Participant: 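Before we start, here is the structure in question, set down as C-alpha cells.
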2 protein chains.
Amino acid sequence: MTAKTTEAVDDYLKAILELSGPAAERVTSNALAAHLDVRPASVTGMLQKLAEQQPSFVKYEKHYGVRLSELGKRRALEVQRHHRLIERFLHDVLDFAWDEVHEEAERLEHYISERLEDRIAAKLGFPETDPHGHIIPEKDGEVAERKEIALSQWPCAVPAVISSVSDRDPNALREMKRMGLVPGTGLIVKPGTRYASLLVRIGAQAPTRLSRELASGIKVVERRTLTGNARG
Amino acid sequence: MTAKTTEAVDDYLKAILELSGPAAERVTSNALAAHLDVRPASVTGMLQKLAEQQPSFVKYEKHYGVRLSELGKRRALEVQRHHRLIERFLHDVLDFAWDEVHEEAERLEHYISERLEDRIAAKLGFPETDPHGHIIPEKDGEVAERKEIALSQWPCAVPAVISSVSDRDPNALREMKRMGLVPGTGLIVKPGTRYASLLVRIGAQAPTRLSRELASGIKVVERRTLTGNARG
DNA sequence: GGCCGAAATTAGGCATGCCTAAATCATACA
DNA sequence: TGTATGATTTAGGCATGCCTAATTTCGGCC
Ligand SMILES: [Mn+2]
Ligand SMILES: [Mn+2]
Ligand SMILES: [Mn+2]
Ligand SMILES: [Mn+2]
C-alpha cells in the first residue's frame with residue numbers, strides 16, 4: 001500500500017527506473033525531459049515536489065540528478081508490472097498486434113485496480129514476459145535478472161538470442177516482425193560489418209543487412225542463457 | 001470524432017444523461033452535485049465552462065438547469081457504452097462479481113481507446129446489455145429503447161420481469177443476488193402490501209418481503225416484453 | 001584561476017477542477 | 001405584494017502539472 005500517486009508521478013517514477021539502468025545510477029533532468037516529452041523546467045518542478053514529500057519516492061540532489069528511494073522503486077516496479085501485464089493481455093487475449101499494445105498500456109497502467117491486475121495475471125497463467133520480451137516484475141517487486149546486452153555491443157561471430165526489443169516505435173516493431181526479429185530468435189553478427197548497418201544471420205535465414213537504427217532497439221543474451229521460449 | 005474531453009467532463013455529461021431521464025428534461029445543479037459527489041458551486045463552475053465552449057456539449061440556462069446538446073449526448077452515450085462493455089467484459093471474461101464491476105468501469109471508461117472498445121465488443125460477441133441489465137448503446141449512438149418502470153411503481157398482481165438493477169451499491173447488489181433478484185427473473189407484487197416493504201413472489205419461490213430501499217434499485221417490464229434472456 | 005556553453009533552476013503564468021463562504025435569485029405562501 | 005427559504009451563483013483560494021523566459025550553476029578548457 002504505497003502512498004497515492006497520479007498518472008504524472010507514476011510516469012516520472014517509471015522513467016527514472018528505466019533510465020537509471022541496472023546500476024541504478026542518477027538520472028539527469030534533461031534525460032527525464034526527453035524521455036517524458038516535457039520541458040526541463042517542468043522536470044525540476046516535479047522533482048522538487050516529489051523530493052520534499054515525506055515519505056519521498058526520490059532522492060534528489062539539485063544540479064546532480066535524481067534516483068529512486070526504496071518506496072519509489074517499489075511503485076515504479078508496480079506500474080511497470082501493470083504495463084507489461086496489460087501488454088501481454090491485449091496481445092494474447094484481445095488480438096492486438098505487438099506494435100499496438102504499448103500506447104494503450106501506457107495509459108491503462110495507471111488506472112487498473114489491484115484486483116484487475118490479479119485477474120489479468122491469473123487469466124494469462126502468470127506470464128514472465130511481455131510481448132516484447134521484457135520481464136514482468138513479480139507482485140512483491142522481485143525481478144528475475146538477466147544480463148542482456150544491446151545488439152550493437154554484441155561481439156561478432158558469437159551466437160546470440162534476442163531477449164527483448166524496444167516497444168516505443170510501432171514502425172520499428174512492424175519492421176522487426178517482418179524480418180523475424182522477435183524475442184527467442186537466434187542470430188549471429190557477421191565479422192567486420194559494423195558501420196551504418198550490421199550484416200546478421202537471423203535464425204536460419206541467409207545473412208541480411210540490419211540498420212543501426214533498428215539494431216539499437218534490440219537486446220540479446222548468449223545463445224544458451226535464455227530461459228523458456230527459445231527458438232533460434 | 002467528438003472534441004477532446006477529460007474524465008471530469010465525461011462524468012458530468014454521463015450524469016446529465018442519466019439524470020435527465022427518457023424525456024431529456026433539464027437537470028439541476030443540486031442533482032448533479034449529489035450524483036457526482038461534489039459541491040454545487042463546483043457544478044456551476046463546470047457548467048459555465050462547458051456552456052461557453054464552441055461547439056458546446058451542453059445548453060445551460062443560469063438558475064434553470066442544464067441539458068445535453070446533440071454533441072454532448074453523443075459523447076455521454078459513448079462513455080456509457082464504454083462503461084457497460086467494460087462491466088460485461090470484467091464479469092464474463094475476468095470473473096468479476098456483479099457488485100465489483102461498477103467501480104472499476106467508472107474509471108476505465110475514460111481511458112480505453114476506440115480500438116480496445118471494438119476488441120472488447122467483438123470478444124463478447126456484441127452484447128446488448130451489461131451485467132445489471134442496462135442496455136449498451138450502439139457504436140453509432142443508437143439505443144434500443146425499452147419502457148421499464150421502477151418496481152415501486154409497478155401495479156400489484158401484474159406479472160413483471162426484472163429488466164435492470166442499479167449498479168452503484170455493492171451491498172444492495174449482493175443482497176439482490178442472494179434473493180434471486182437478477183435481470184430476467186419474473187415477479188409479482190402481492191396486493192395491499194406497499195408500506196415499508198413489498199410482499200413479492202420472486203420467480204417460483206414463496207412470497208418474500210422486499211424492503212423499499214432494495215426495491216428502489218429495481219426496474220421491471222411487463223412479463224412478455226423482455227427480449228432475450230428471460231428466465232422468469 | 002577565469003571563461004564559456006550546456007544543463008539546470010527560478011520566476012511568473014496558465015488551465016483544470018475542486019473547495020468554502022458570501023451573495024443573489026426564484027418562488028411559494030402569507 | 002412582500003418575504004423567507006432553499007437553490008444557485010459569485011468570489012476568492014488551493015493543488016496539480018504544464019509552459020516560456022530569464023538566471024544561475026557546473027565542468028571542461030585555455
Ligand atoms: Mn503511463
Ligand atoms: Mn513492452
Ligand atoms: Mn467515470
Ligand atoms: Mn451497470
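In what follows, every chain begins at residue 1, and chains take the letters A, B, ... in the order their sequences are listed. What you see is a predicted model, and the numbers here were worked out from it, not measured in a lab.
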Participant: So, using side chain to side chain contact (heavy atoms under 4.5 Å, CB included) as the criterion, who are the partners of B:Ala122 when residues are at least two apart?
Facilitator: B:Phe126
Participant: 5' to 3' on DNA chain C, which nucleotides open and close the contacts with chain B (atom under 4.0 Å from a heavy atom)?
Facilitator: C:dT16 to C:dT27
Participant: For DNA chain C, find the residues of residues 13-21 of chain B with a heavy-atom distance under 4.0 Å and give them by number; none if there aren't any.
Facilitator: none
Participant: Quick one: list whatever passes salt bridge (charged side-chain N to carboxylate O under 4.0 Å, His left out) with A:Glu175, sequence neighbours left out.
Facilitator: A:Arg178
Participant: By side chain to side chain contact (heavy atoms under 4.5 Å, CB included), which residues pair with A:Asp37, not counting sequence neighbours?
Facilitator: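 Partners of A:Asp37 by the side chain to side chain contact (heavy atoms under 4.5 Å, CB included) criterion, ordered by chain and then number, come out as A:Arg39.
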Participant: Counting neighbours of CD on A:Glu213 that are heavy atoms of other residues, nucleotides or ligands and sit closer than 6.0 Å, is the number greater than 12?
Facilitator: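 Count not over threshold, so no.
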Participant: Quick one: list whatever passes side chain to side chain contact (heavy atoms under 4.5 Å, CB included) with B:Ala144, sequence neighbours left out.
Facilitator: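 Listed in chain order: B:Ile135.
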Participant: Encode nucleotides 2-10 of chain D as B, S and - characters from 5' to 3', where the letter depends on protein heavy atoms closer than 4.0 Å: B to the base, S only to sugar-phosphate, - to neither.
Facilitator: -----SSBB
Participant: Quick one: side chain to side chain contact (heavy atoms under 4.5 Å, CB included) partners of A:Asp92, sequence neighbours excluded?
Facilitator: A:Arg88, A:Leu124
Participant: Could I get the full list of side-chain hydrogen bond (donor to acceptor under 3.5 Å, both in side chains) partners for B:Asp10, not counting sequence neighbours?
Facilitator: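 Once residues adjacent in sequence are excluded, the partners of B:Asp10 under the side-chain hydrogen bond (donor to acceptor under 3.5 Å, both in side chains) criterion are B:Thr5, B:Arg75, B:His110.
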Participant: Could you pull out all residues at least two apart from A:Arg26 that satisfy salt bridge (charged side-chain N to carboxylate O under 4.0 Å, His left out)?
Facilitator: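 Checked A:Arg26 against salt bridge (charged side-chain N to carboxylate O under 4.0 Å, His left out); zero matches.
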Participant: For A:Glu117, enumerate each residue passing the side-chain hydrogen bond (donor to acceptor under 3.5 Å, both in side chains) test, keeping only those at least two apart in sequence or located in another chain.
Facilitator: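 Only A:Arg81, A:His82, A:Lys139 meet the side-chain hydrogen bond (donor to acceptor under 3.5 Å, both in side chains) criterion with A:Glu117.
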Participant: For residues 45-56 of chain B, which side-chain donor-acceptor pairs fall under 3.5 Å, sequence neighbours excluded?
Facilitator:
| residue | atom | partner | partner atom | Å |
| --- | --- | --- | --- | --- |
| B:Ser56 | OG | B:Leu50 | O | 2.8 |
| B:Ser56 | OG | B:Val58 | N | 3.1 |
| B:Ser56 | OG | B:Val58 | O | 3.0 |

